[in-house]
S.K.: 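Starting off with a structure, shown below.
Here is how names work: the chains are called A, B, and so on, in the same order as the sequence lines, proteins then strands, and each is numbered from 1.
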2 protein chains.
Amino acid sequence: MRPTVYHIPVCPFSQRLEILLELKGLRKAVAFNVVDITQPRSPELLAKSRGSTALPILETEDGRVVKESLVILGYLEDRFPEPLVAQADPYRRAVENMLIAMEGDVTTAGYRFVMNRDEKSRDQYAAAMEAQYRRLDDFLRWQSPGSTFLFDEFALAEVVFTPLFMRFWFIEYYEGLDIPEELTRLRRWREACVSHPAAQQVTREEVVKLYFDYAMGAGNGALPAGRSVSSFAFKPHWTQRPWPPRQKWGDAATDADLGLN
Amino acid sequence: MRPTVYHIPVCPFSQRLEILLELKGLRKAVAFNVVDITQPRSPELLAKSRGSTALPILETEDGRVVKESLVILGYLEDRFPEPLVAQADPYRRAVENMLIAMEGDVTTAGYRFVMNRDEKSRDQYAAAMEAQYRRLDDFLRWQSPGSTFLFDEFALAEVVFTPLFMRFWFIEYYEGLDIPEELTRLRRWREACVSHPAAQQVTREEVVKLYFDYAMGAGNGALPAGRSVSSFAFKPHWTQRPWPPRQKWGDAATDADLGLN
């Protein structure tokens with residue numbers, strides 16, 4: 001019996017847990033159980049999560065539950081402390097935690113942007129996203145101007161942000177916005193994060209194809225109007241489908257356009 | 001030379017740090033420097049905070065800066081680990097952190113509610129506040145049905161939430177809303193929190209008087225229309241002023257009504 005994580009396919013918050021375990025050489029210490037979000041949640045799972053549909057959750061060997069990816073990361077660090085991925089020095093740990101404290105706003109800006117369905121508001125969402133990129137760049141220049149990672153190597157801050165950088169491939173694809181060129185410190189960090197060997201659980205193609213419905217404003221396995229198969233469906237497998245149209249406005253792609261039937 | 005916290009008067013986030021240090025018997029290990037928020041921030045302070053006006057910040061003995069109250073709490077725990085206030089057991093620590101992860105939404109609901117200036121939206125804000133109270137009560141019933149505190153004693157979750165319970169005296173006073181009677185588990189927790197000896201840095205009278213301007217929609221030392229002295233002013237001292245009117249709608253109280261001139 002191992003701790004079990006319940007998660008949705010390509011979930012960035014669950015990928016954090018996988019990366020952390022990879023860094024510890026303990027990927028197999030935890031079972032990962034994919035939930036099909038195109039179906040209603042099972043009563044068993046809702047009982048575990050105390051009625052919430054938010055995932056991932058971790059179930060311990062004796063049936064107790066931990067929610068919230070950052071809390072689960074801390075739990076895994078405490079349970080499997082060798083090697084510790086978080087900083088050990090108090091000040092370095094504080095710097096790491098200040099950066100991690102910014103992840104919520106970054107996540108919100110990115111997901112709101114890709115899910116926005118009001119074309120007139122597009123530039124406003126783009127500006128909010130850029131503002132988050134600028135904050136991150138400024139933080140890195142403040143605390144770590146000369147490095148690539150926040151400190152010497154890929155560590156806890158990188159575990160938290162790398163899955164977001166990878167999901168935000170959907171922003172570059174569907175919204176045409178990338179980290180501005182002049183934010184060279186942030187770009188250097190992002191580049192090193194997404195190419196790190198411990199963080200290769202997903203590919204750009206997979207993210208772009210599966211998250212197509214988000215660009216249509218439908219999150220968490222909901223179906224966009226006029227469609228009958230979710231872009232998160234397990235079949236047809238994403239490797240068997242064409243790349244979706246980049247254009248999120250105008251006529252929406254059909255199941256057939258997306259290779260979903 | 002000691003670490004120095006810069007904070008605004010009666011700031012709940014700064015009170016967290018004071019409570020933590022009290023529990024450790026180390027209140028004097030950190031200097032607390034009150035910033036007059038009725039005046040513009042000094043360039044020196046803005047340089048320390050990297051341009052942000054958010055407080056508290058902690059400056060270390062060698063001039064490095066830590067921001068965000070939860071991050072500062074972690075830093076103080078790491079710097080002064082005896083006694084540790086956070087849970088030591090990994091699962092208990094996870095439970096504590098799940099509860100602490102709810103503080104952001106609770107804070108937002110309370111502050112938005114008291115600062116709302118649209119009377120027609122009042123019930124909507126009240127419902128949002130009650131929803132937060134219900135989430136907290138449900139969490140405590142889930143993880144700790146039989147206790148008073150989350151675990152055996154006043155610990156890190158209590159450090160985080162007690163200052164909010166105390167600030168929300170402004171909700172009971174200006175909005176007439178308290179934790180609903182039936183949320184007995186949450187009420188039991190709140191009662192034990194606000195009466196704990198380590199958490200007596202502020203009084204209800206002080207909170208109600210200083211935060212009057214928040215009820216007028218003016219936060220962070222800003223002046224409500226028609227007023228010339230902030231309710232956060234150091235003089236006249238709050239003990240010398242009358243209790244403000246509970247009525248936040250209709251004719252606004254003047255400087256004279258508030259004993260501010």
S.K.: Out of Lys67(A), Glu68(A), Glu96(A), return the one with the most heavy atom pairs under 4.5 angstrom to chain B.
M.R.: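 Most heavy-atom pairs within the cutoff with chain B belong to Lys67(A).
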
S.K.: Tell me, side chain or backbone of Asp89(A) under 4.5 Å from chain B's heavy atoms, or both, or neither?
M.R.: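 Nothing of Asp89(A), per the 4.5 Å heavy-atom cut-off to chain B.
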
S.K.: Please rank Leu70(A), Val65(A), Thr60(A) by heavy-atom pairs under 4.5 Å with chain B and give me the top one.
M.R.: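 Most heavy-atom pairs under 4.5 Å with chain B: Val65(A).
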
S.K.: Walk me through it: do Arg50(B) and Arg141(A) pass the test side chain to side chain contact (heavy atoms under 4.5 Å, CB included)?
M.R.: CA-CA 11 Å; Arg50(B) 188 98 175 158; Arg141(A) 284 174 196 274; 4.2 Å; yes

S.K.: For the pair Val66(B) and Tyr91(A), evaluate side chain to side chain contact (heavy atoms under 4.5 Å, CB included) and give the outcome as yes or no after the intermediate values.
M.R.: CA-CA 8 Å; Val66(B) 183; Tyr91(A) 184 72; 3.7 Å; yes

S.K.: Measure across Tyr75(B) and Ala94(A) and return the closest heavy-atom pair with its distance rounded to 0.1 Å.
M.R.: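 In terms of heavy atoms, the two residues are closest at CD1-CB, 4.0 Å.
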
S.K.: Could you please state which residues from residues 108-115 of chain A sit under 4.5 angstrom from chain B, measuring non-hydrogen atom to non-hydrogen atom, sorted by number, or 'none'?
M.R.: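 At a heavy-atom separation under 4.5 Å, chain B is reached by no residue of residues 108-115 of chain A.
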
S.K.: Rounded to the nearest 0.5 Å, what separates atom CG in Asn97(B) from atom CG in Asp78(A)?
M.R.: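 Answer rounded to 0.5 Å: 8.5 Å.
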
S.K.: Would you mind checking which part of Val95(A) comes under 4.5 Å of any heavy atom in chain B, side chain (CB onward), backbone (N, CA, C, O), both or neither?
M.R.: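 Neither part.
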
S.K.: Heavy-atom cut-off 4.5 Å, strictly under: side chain, backbone, both or neither for Arg93(A) against chain B?
M.R.: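 Side chain only.
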
